[in-house]
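Structure record follows, encoded as structure tokens.
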Amino acid sequence: MNQRIEYWNTIGRGHMMCPDPYLYKLTDSLGIDLRGKNVLDLGFGEGQDLFEMQRRGANPYGMDVDQR
């Protein structure tokens with residue numbers, strides 16, 4: 001968890017919504033460009049990864065069974 005908080009703080013966000021840094025390290029290392037791509041996040045929770053994908057230029061969509 002501390003790695004997530006440290007990563008999120010390096011890009012100027014608070015610790016309440018920390019996207020998964022491993023996901024973005026993987027996409028970056030593979031050269032995956034999210035700009036203009038439709039991305040589906042299943043079980044998106046608080047939406048932290050949706051916001052990060054949008055920041056990177058994707059068109060994110062989320063689906064979760066929790067009504068909140």
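Keep in mind the model is a prediction, meaning the values are calculated, not measured.
- In this structure, Asn38 and Tyr61 approach most closely via the heavy-atom pair OD1-CE1, 3.8 Å.
- In terms of hydrophobic clustering, with Ile, Leu, Val, Met, Phe, Trp and Tyr side chains grouped at heavy-atom distances under 4.5 Å, Leu34 and Leu30 are assigned to a common cluster.
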* Hey, mind stepping through Arg55 and Asp49 against salt bridge (charged side-chain N to carboxylate O under 4.0 Å, His left out) and telling me if it holds? -> CA-CA 10 Å; Arg55 188 183 77 74; Asp49 287 314; over 6 Å; no
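- Counting heavy atoms from C-beta on, the side chains of Asn59 and Lys37 never come closer than 4.5 Å.
- Between Ala58 and Val39 the shortest heavy-atom distance is CB-CG2, 3.9 Å.
- Of all the heavy atoms in Arg56 and Arg35, the pair that sits closest is O-CG, 3.3 Å.
- With contacts defined as side-chain heavy-atom distances shorter than 4.5 Å, the pair Leu26/Asp28 does not qualify.
- When hydrophobic clusters are built by joining Ile, Leu, Val, Met, Phe, Trp and Tyr residues whose side-chain heavy atoms come closer than 4.5 Å, directly or via intermediates, Leu50 is not grouped with Leu40.
- What you find for Glu52 and Tyr24 is that their closest heavy atoms are CG-CZ, 3.4 Å.
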* Hey, mind stepping through Asp41 and Met63 against side chain to side chain contact (heavy atoms under 4.5 Å, CB included) and telling me if it holds? -> CA-CA 6 Å; Asp41 184 358; Met63 180 183 287; over 6 Å; no
